[in-house]
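Structure first, then comments.
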Amino acid sequence: MPTILGQNQYGKAENRVVKITRDGATHHIKDLNVSVALSGDMDDVHYNGSNANVLPTDTTKNTVYAFAKEHGIESAEQFGIHLARHFVTSQEPIHRARIRIEEYAWERIETSGEARHSFVRTGRETRVTQVTYDGESWEVVSGLKDLTVMNSTDSEFWGYVKDRYTTLKEAYDRILATSVSSRWRFNWTDDAQPTPDWDASYAQVKQHMLRAFAETYSLSLQQTLYQMGSRVIEECAEVDEIRFSLPNSHHFLVDLEPFGIKNDTPDGAVYIAADRPYGLIEATVLRDGCEPRIPVDLTNL
(Lines give C-alpha, C1' and ligand atoms only; values in the text may rest on other atoms or scores of the structure.)
Protein backbone atom coordinates (compact mmCIF):
# COMPACT_ATOMS: atom_id res chain seq x y z
CA MET A 1 0.00 0.00 0.00
CA PRO A 2 1.57 3.32 -1.05
CA THR A 3 0.04 5.25 1.87
CA ILE A 4 -0.62 4.58 5.56
CA LEU A 5 -2.98 6.19 8.01
CA GLY A 6 -1.52 8.67 10.47
CA GLN A 7 -2.93 10.30 13.57
CA ASN A 8 -6.69 10.56 13.48
CA GLN A 9 -9.59 11.51 15.71
CA TYR A 10 -13.26 12.29 15.42
CA GLY A 11 -16.11 13.64 17.49
CA LYS A 12 -18.72 16.37 17.75
CA ALA A 13 -17.41 19.91 18.00
CA GLU A 14 -18.90 22.98 19.66
CA ASN A 15 -21.86 21.57 21.53
CA ARG A 16 -23.48 24.60 23.18
CA VAL A 17 -24.73 23.65 26.63
CA VAL A 18 -26.59 25.96 29.03
CA LYS A 19 -27.36 24.36 32.40
CA ILE A 20 -29.77 26.16 34.72
CA THR A 21 -29.78 25.08 38.35
CA ARG A 22 -32.72 26.29 40.42
CA ASP A 23 -32.23 26.84 44.14
CA GLY A 24 -35.68 28.14 44.97
CA ALA A 25 -35.93 31.67 43.61
CA THR A 26 -32.17 31.80 43.07
CA HIS A 27 -30.96 30.37 39.78
CA HIS A 28 -27.40 29.58 38.62
CA ILE A 29 -26.04 29.37 35.07
CA LYS A 30 -23.27 27.31 33.51
CA ASP A 31 -22.77 28.19 29.84
CA LEU A 32 -20.32 25.96 27.95
CA ASN A 33 -19.12 25.21 24.45
CA VAL A 34 -17.94 21.56 24.50
CA SER A 35 -15.94 19.76 21.79
CA VAL A 36 -15.28 16.01 21.90
CA ALA A 37 -12.45 14.26 20.03
CA LEU A 38 -11.98 10.47 20.24
CA SER A 39 -9.20 8.25 18.91
CA GLY A 40 -8.34 4.57 19.04
CA ASP A 41 -8.85 1.50 16.80
CA MET A 42 -10.11 3.38 13.77
CA ASP A 43 -8.08 1.82 10.96
CA ASP A 44 -11.00 -0.12 9.45
CA VAL A 45 -13.31 2.85 9.10
CA HIS A 46 -10.61 4.75 7.21
CA TYR A 47 -9.34 1.87 5.08
CA ASN A 48 -12.56 -0.08 4.47
CA GLY A 49 -15.44 2.15 5.56
CA SER A 50 -16.44 -0.24 8.36
CA ASN A 51 -18.21 1.60 11.18
CA ALA A 52 -18.01 -1.34 13.60
CA ASN A 53 -15.78 0.60 16.02
CA VAL A 54 -17.35 4.01 15.47
CA LEU A 55 -19.46 5.64 18.15
CA PRO A 56 -21.55 8.16 16.17
CA THR A 57 -20.67 11.79 16.72
CA ASP A 58 -24.38 12.37 17.33
CA THR A 59 -24.08 10.02 20.31
CA THR A 60 -21.19 12.03 21.70
CA LYS A 61 -23.36 15.15 21.40
CA ASN A 62 -26.22 13.45 23.25
CA THR A 63 -23.82 12.30 25.96
CA VAL A 64 -22.70 15.87 26.59
CA TYR A 65 -26.27 17.03 27.18
CA ALA A 66 -27.23 13.97 29.22
CA PHE A 67 -24.18 14.34 31.48
CA ALA A 68 -24.99 18.01 32.02
CA LYS A 69 -28.35 16.95 33.43
CA GLU A 70 -27.33 13.75 35.24
CA HIS A 71 -24.04 14.93 36.74
CA GLY A 72 -24.42 18.69 36.67
CA ILE A 73 -21.54 21.04 35.86
CA GLU A 74 -19.41 21.68 38.92
CA SER A 75 -16.65 23.21 36.81
CA ALA A 76 -15.52 23.04 33.20
CA GLU A 77 -12.60 20.84 34.23
CA GLN A 78 -14.67 18.38 36.26
CA PHE A 79 -17.28 18.13 33.51
CA GLY A 80 -14.54 17.39 30.98
CA ILE A 81 -13.11 14.71 33.29
CA HIS A 82 -16.52 13.00 33.57
CA LEU A 83 -16.90 12.95 29.78
CA ALA A 84 -13.37 11.78 28.99
CA ARG A 85 -13.53 8.95 31.52
CA HIS A 86 -16.89 7.82 30.16
CA PHE A 87 -15.82 7.63 26.52
CA VAL A 88 -12.57 5.75 27.23
CA THR A 89 -13.98 3.30 29.77
CA SER A 90 -17.32 2.56 28.07
CA GLN A 91 -16.08 2.02 24.51
CA GLU A 92 -13.35 -0.61 24.02
CA PRO A 93 -12.12 0.76 20.65
CA ILE A 94 -11.68 4.24 22.14
CA HIS A 95 -8.22 4.62 23.70
CA ARG A 96 -8.03 8.38 24.13
CA ALA A 97 -10.52 11.18 24.63
CA ARG A 98 -9.86 14.90 24.42
CA ILE A 99 -12.49 17.30 25.70
CA ARG A 100 -12.17 21.01 24.97
CA ILE A 101 -14.45 23.43 26.77
CA GLU A 102 -15.02 27.17 26.60
CA GLU A 103 -17.00 28.68 29.48
CA TYR A 104 -18.89 31.96 29.16
CA ALA A 105 -19.46 33.94 32.34
CA TRP A 106 -22.74 35.49 33.45
CA GLU A 107 -23.21 38.00 36.25
CA ARG A 108 -26.38 38.22 38.28
CA ILE A 109 -28.49 41.36 37.89
CA GLU A 110 -29.43 42.48 41.36
CA THR A 111 -33.05 43.58 41.78
CA SER A 112 -35.16 45.02 44.59
CA GLY A 113 -37.36 41.91 44.69
CA GLU A 114 -36.71 38.36 45.84
CA ALA A 115 -36.32 36.87 42.35
CA ARG A 116 -32.68 36.10 41.44
CA HIS A 117 -32.99 34.76 37.93
CA SER A 118 -31.78 37.64 35.77
CA PHE A 119 -28.26 37.78 34.37
CA VAL A 120 -26.02 39.86 32.13
CA ARG A 121 -23.24 38.30 30.08
CA THR A 122 -19.89 39.56 31.34
CA GLY A 123 -17.50 40.60 28.61
CA ARG A 124 -14.13 40.25 30.30
CA GLU A 125 -12.69 36.91 29.23
CA THR A 126 -13.57 33.40 28.11
CA ARG A 127 -12.46 30.54 30.33
CA VAL A 128 -11.15 27.45 28.53
CA THR A 129 -9.97 23.98 29.41
CA GLN A 130 -8.72 20.86 27.64
CA VAL A 131 -8.98 17.47 29.35
CA THR A 132 -7.18 14.47 27.83
CA TYR A 133 -7.44 10.88 29.13
CA ASP A 134 -5.92 7.68 27.79
CA GLY A 135 -7.30 5.25 30.36
CA GLU A 136 -4.33 5.63 32.70
CA SER A 137 -3.22 9.24 33.00
CA TRP A 138 -4.79 12.67 32.75
CA GLU A 139 -3.63 15.95 31.31
CA VAL A 140 -5.59 19.06 32.20
CA VAL A 141 -4.66 22.34 30.51
CA SER A 142 -6.84 25.29 31.44
CA GLY A 143 -6.68 28.94 30.56
CA LEU A 144 -8.39 32.05 29.33
CA LYS A 145 -8.56 34.26 26.28
CA ASP A 146 -9.66 37.80 25.43
CA LEU A 147 -8.75 39.24 28.83
CA THR A 148 -8.04 42.87 27.91
CA VAL A 149 -5.73 44.79 30.25
CA MET A 150 -3.97 48.16 30.20
CA ASN A 151 -1.36 50.11 32.16
CA SER A 152 -1.65 53.81 31.36
CA THR A 153 1.90 54.46 32.63
CA ASP A 154 4.88 52.66 34.24
CA SER A 155 5.92 51.29 30.87
CA GLU A 156 8.93 52.16 28.72
CA PHE A 157 10.53 50.85 25.54
CA TRP A 158 13.99 52.01 24.54
CA GLY A 159 17.54 50.78 23.92
CA TYR A 160 16.44 48.44 21.13
CA VAL A 161 18.29 47.53 17.93
CA LYS A 162 18.08 50.18 15.22
CA ASP A 163 18.83 49.82 11.54
CA ARG A 164 18.09 51.82 8.39
CA TYR A 165 14.41 50.82 8.53
CA THR A 166 13.81 51.79 12.13
CA THR A 167 11.46 54.75 12.57
CA LEU A 168 10.00 53.97 16.01
CA LYS A 169 10.86 56.58 18.62
CA GLU A 170 12.06 55.49 22.03
CA ALA A 171 9.38 55.77 24.71
CA TYR A 172 10.00 56.50 28.38
CA ASP A 173 6.34 56.69 29.38
CA ARG A 174 3.88 54.75 27.27
CA ILE A 175 0.59 52.87 27.42
CA LEU A 176 1.00 49.09 27.73
CA ALA A 177 -2.11 47.20 26.64
CA THR A 178 -2.77 43.63 25.58
CA SER A 179 -5.45 40.98 25.26
CA VAL A 180 -4.22 38.05 27.32
CA SER A 181 -4.46 34.53 25.94
CA SER A 182 -2.96 31.99 28.31
CA ARG A 183 -2.94 28.26 29.03
CA TRP A 184 -1.59 26.55 32.13
CA ARG A 185 -0.94 22.86 32.76
CA PHE A 186 -1.79 21.22 36.05
CA ASN A 187 0.49 18.62 37.65
CA TRP A 188 -2.56 16.49 38.48
CA THR A 189 -2.20 13.42 36.24
CA ASP A 190 -3.44 10.47 38.33
CA ASP A 191 -6.73 9.57 40.03
CA ALA A 192 -4.71 8.70 43.13
CA GLN A 193 -3.72 12.36 43.51
CA PRO A 194 -6.04 14.85 45.24
CA THR A 195 -8.05 16.72 42.61
CA PRO A 196 -7.43 20.47 42.52
CA ASP A 197 -10.24 22.87 43.32
CA TRP A 198 -10.66 23.89 39.70
CA ASP A 199 -12.72 27.04 40.23
CA ALA A 200 -10.55 28.31 43.08
CA SER A 201 -7.40 27.60 41.08
CA TYR A 202 -8.73 29.50 38.06
CA ALA A 203 -9.54 32.52 40.22
CA GLN A 204 -6.10 32.43 41.85
CA VAL A 205 -4.18 32.09 38.59
CA LYS A 206 -6.10 34.98 37.07
CA GLN A 207 -5.58 37.10 40.17
CA HIS A 208 -1.83 36.49 40.23
CA MET A 209 -1.33 37.24 36.53
CA LEU A 210 -3.35 40.46 36.82
CA ARG A 211 -1.47 41.62 39.90
CA ALA A 212 1.86 40.89 38.23
CA PHE A 213 0.76 42.87 35.18
CA ALA A 214 -0.27 45.81 37.36
CA GLU A 215 2.73 45.73 39.70
CA THR A 216 5.53 45.30 37.14
CA TYR A 217 7.29 48.47 36.00
CA SER A 218 7.68 47.34 32.42
CA LEU A 219 10.68 47.89 30.19
CA SER A 220 9.25 45.45 27.64
CA LEU A 221 6.14 43.33 27.22
CA GLN A 222 8.44 40.29 27.36
CA GLN A 223 9.51 41.27 30.87
CA THR A 224 5.89 41.71 31.95
CA LEU A 225 4.95 38.33 30.47
CA TYR A 226 7.72 36.60 32.40
CA GLN A 227 6.69 38.27 35.65
CA MET A 228 3.07 37.19 35.11
CA GLY A 229 4.10 33.58 34.48
CA SER A 230 6.60 33.48 37.33
CA ARG A 231 4.02 34.80 39.80
CA VAL A 232 1.59 32.05 38.81
CA ILE A 233 4.18 29.27 39.08
CA GLU A 234 5.46 30.55 42.42
CA GLU A 235 2.03 31.01 43.99
CA CYS A 236 0.05 28.11 42.51
CA ALA A 237 1.60 24.79 43.48
CA GLU A 238 -0.79 22.83 41.24
CA VAL A 239 0.52 24.52 38.07
CA ASP A 240 3.80 23.43 36.44
CA GLU A 241 3.68 25.32 33.14
CA ILE A 242 2.02 28.41 31.74
CA ARG A 243 2.12 29.85 28.23
CA PHE A 244 1.09 33.31 27.08
CA SER A 245 0.26 34.86 23.74
CA LEU A 246 0.17 38.64 24.20
CA PRO A 247 -0.53 41.01 21.32
CA ASN A 248 0.99 44.42 21.98
CA SER A 249 -2.02 46.69 21.46
CA HIS A 250 -0.20 49.81 20.30
CA HIS A 251 -1.33 53.29 21.36
CA PHE A 252 0.27 56.14 19.45
CA LEU A 253 0.23 59.82 20.43
CA VAL A 254 -1.92 61.86 18.04
CA ASP A 255 -0.01 64.63 16.29
CA LEU A 256 -1.91 67.78 17.22
CA GLU A 257 0.93 70.18 16.40
CA PRO A 258 -0.77 71.34 13.16
CA PHE A 259 -3.51 72.80 15.37
CA GLY A 260 -1.09 74.42 17.79
CA ILE A 261 -1.98 71.92 20.51
CA LYS A 262 0.66 70.24 22.66
CA ASN A 263 -0.52 66.68 23.19
CA ASP A 264 2.06 65.14 25.53
CA THR A 265 1.46 67.04 28.78
CA PRO A 266 1.61 66.21 32.51
CA ASP A 267 -2.19 66.14 32.75
CA GLY A 268 -2.56 63.51 30.04
CA ALA A 269 -2.64 62.94 26.30
CA VAL A 270 -4.74 61.66 23.43
CA TYR A 271 -3.79 58.43 21.65
CA ILE A 272 -4.76 56.47 18.57
CA ALA A 273 -5.61 52.88 19.54
CA ALA A 274 -4.30 50.81 16.63
CA ASP A 275 -5.80 47.33 16.27
CA ARG A 276 -3.35 46.12 13.57
CA PRO A 277 -0.64 45.41 12.82
CA TYR A 278 0.46 44.51 16.31
CA GLY A 279 3.52 43.05 17.98
CA LEU A 280 2.88 39.51 19.20
CA ILE A 281 4.84 38.36 22.24
CA GLU A 282 4.69 34.66 23.17
CA ALA A 283 6.55 32.57 25.72
CA THR A 284 6.26 29.69 28.20
CA VAL A 285 7.23 29.85 31.87
CA LEU A 286 8.01 26.54 33.58
CA ARG A 287 8.58 25.24 37.06
CA ASP A 288 12.27 24.33 37.27
CA GLY A 289 12.78 20.68 36.29
CA CYS A 290 9.54 20.37 34.30
CA GLU A 291 9.31 19.64 30.61
CA PRO A 292 7.18 21.84 28.33
CA ARG A 293 4.00 20.17 27.06
CA ILE A 294 1.73 23.05 26.09
CA PRO A 295 1.75 23.55 22.30
CA VAL A 296 3.61 26.58 21.02
CA ASP A 297 0.62 27.55 18.87
CA LEU A 298 -2.28 28.22 21.24
CA THR A 299 -4.73 28.37 18.34
CA ASN A 300 -4.43 24.58 18.23
CA LEU A 301 -5.34 24.20 21.89
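Treat the numbers as computed from the prediction; the structure is a model and nothing was measured.
Residues Ile20 and Val17 do not share a hydrophobic cluster, defined by chaining ILVMFWY side chains whose heavy atoms lie under 4.5 Å apart. Leu298 is connected to Val141 through a chain of hydrophobic side-chain contacts under 4.5 Å among Ile, Leu, Val, Met, Phe, Trp and Tyr, so both are in one cluster. Following chains of ILVMFWY side-chain contacts shorter than 4.5 Å, one can reach Ile281 starting from Val232, so the two form part of one hydrophobic cluster. Leu246 and Leu210 end up in the same hydrophobic cluster when Ile, Leu, Val, Met, Phe, Trp and Tyr side chains are linked at under 4.5 Å. Hydrophobic clustering, with ILVMFWY side chains joined whenever heavy atoms are under 4.5 angstrom apart, keeps Met150 apart from Leu147.
Put simply, the side chain of Ile73 reaches to within 4.5 Å of the side chain of Leu32, judged on heavy atoms. Side-chain atoms of Met228 and Val180, non-hydrogen and from C-beta on, do get closer than 4.5 Å to each other. Arg287 has its side chain out of reach of Glu241: every pair of non-hydrogen atoms, C-beta onward, lies at least 4.5 Å apart. By the 4.5 Å heavy-atom criterion applied to side chains, Glu125 and Lys206 are counted as neighbours. Thr178 places none of its side-chain heavy atoms less than 4.5 Å from the side chain of Tyr278. Two residues are said to be in side-chain contact when any heavy atoms from C-beta on lie closer than 4.5 Å; Trp138 and Arg85 meet this criterion. Using a 4.5 Å heavy-atom cutoff, the side chains of Ser142 and Glu77 are in contact.
Contact between Met42 and Leu5 at its shortest, heavy atoms only, is O-CD2, 4.2 Å. Between Ser179 and Asp146, the shortest heavy-atom distance links the atoms OG-CA, 3.4 Å. Among all heavy-atom pairs drawn from Phe79 and Val64, the shortest one is CZ-O, 3.4 Å.
A salt bridge links Lys145 with Glu102: the distance from a Lys NZ or Arg NE/NH1/NH2 to an Asp or Glu carboxylate oxygen falls below 4.0 Å. We find that Lys262 and Glu257 are not joined by a salt bridge, their nearest charged nitrogen and carboxylate oxygen being 4.0 Å or further apart. A salt bridge links Arg127 with Asp199: at least one charged nitrogen is closer than 4.0 Å to a carboxylate oxygen. Ion pairing of Arg293 with Asp240 is absent here, as no side-chain N (NZ or NE/NH1/NH2) approaches a carboxylate O to less than 4.0 Å.
More than 12 non-hydrogen atoms from other residues, nucleotides or ligands lie less than 6.0 angstrom from CZ of Arg108. Other residues, nucleotides and ligands contribute only 12 or fewer heavy atoms inside 6.0 Å of the CD atom of Glu14. Applying the 6.0 Å contact sphere to CZ of Arg276 captures no more than 12 heavy atoms from other residues, nucleotides or ligands. For Asp288, the CG atom is loosely surrounded, since the number of other residues' heavy atoms within 6.0 Å does not exceed 12. Around the NZ atom of Lys162, the shell of radius 6.0 Å holds more than 12 heavy atoms that belong to other residues, nucleotides or ligands. By the 6.0 Å contact criterion, CD on Glu74 is open, its count of non-hydrogen atoms from other residues, nucleotides or ligands being 12 or less.
Among residue pairs with one or both ends in residues 243-269, those qualifying as ring-ring contact (aromatic ring centres under 6.0 Å, His included) are His250-Phe252; sequence neighbours excluded.
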### Message
Using the rule given for side chain to side chain contact (heavy atoms under 4.5 Å, CB included), can you reason through Asp173 versus Glu156, listing the C-alpha separation, both sets of side-chain angles and the distance that settles it, and then say yes or no?
### Response
CA-CA 5 Å; Asp173 186 5; Glu156 304 178 15; 6.0 Å; no

### Task
Test side chain to side chain contact (heavy atoms under 4.5 Å, CB included) on Val239 and Ile233 and set out the steps.
CA-CA 6 Å; Val239 175; Ile233 296 296; 3.9 Å; yes

#### Entry: Audit row: Leu225, Phe213, side chain to side chain contact (heavy atoms under 4.5 Å, CB included) steps and yes/no
CA-CA 8 Å; Leu225 179 155; Phe213 177 83; over 6 Å; no

### Message
Before you tell me yes or no, could you show the steps for Arg243 and Trp184 under side chain to side chain contact (heavy atoms under 4.5 Å, CB included), namely the whole-Å CA-CA distance, both residues' side-chain angles and the distance that decides it to 0.1 Å?
### Response
CA-CA 6 Å; Arg243 182 165 180 82; Trp184 51 89; over 6 Å; no

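Looking only at distances, no side-chain donor or acceptor of Tyr202 sits under 3.5 Å from a matching main-chain atom of Leu144.
By the side-chain contact (heavy atoms from CB on, under 4.5 Å) test, Thr21 pairs with Lys19, His28, sequence neighbours left out. For Trp158, the ring pair (Phe, Tyr, Trp, His ring centres under 6.0 Å) partners are Tyr172, not counting sequence neighbours.
Ring planes of His82 and Phe67: perpendicular class, angle over 60° (limits at 30 and 60°).
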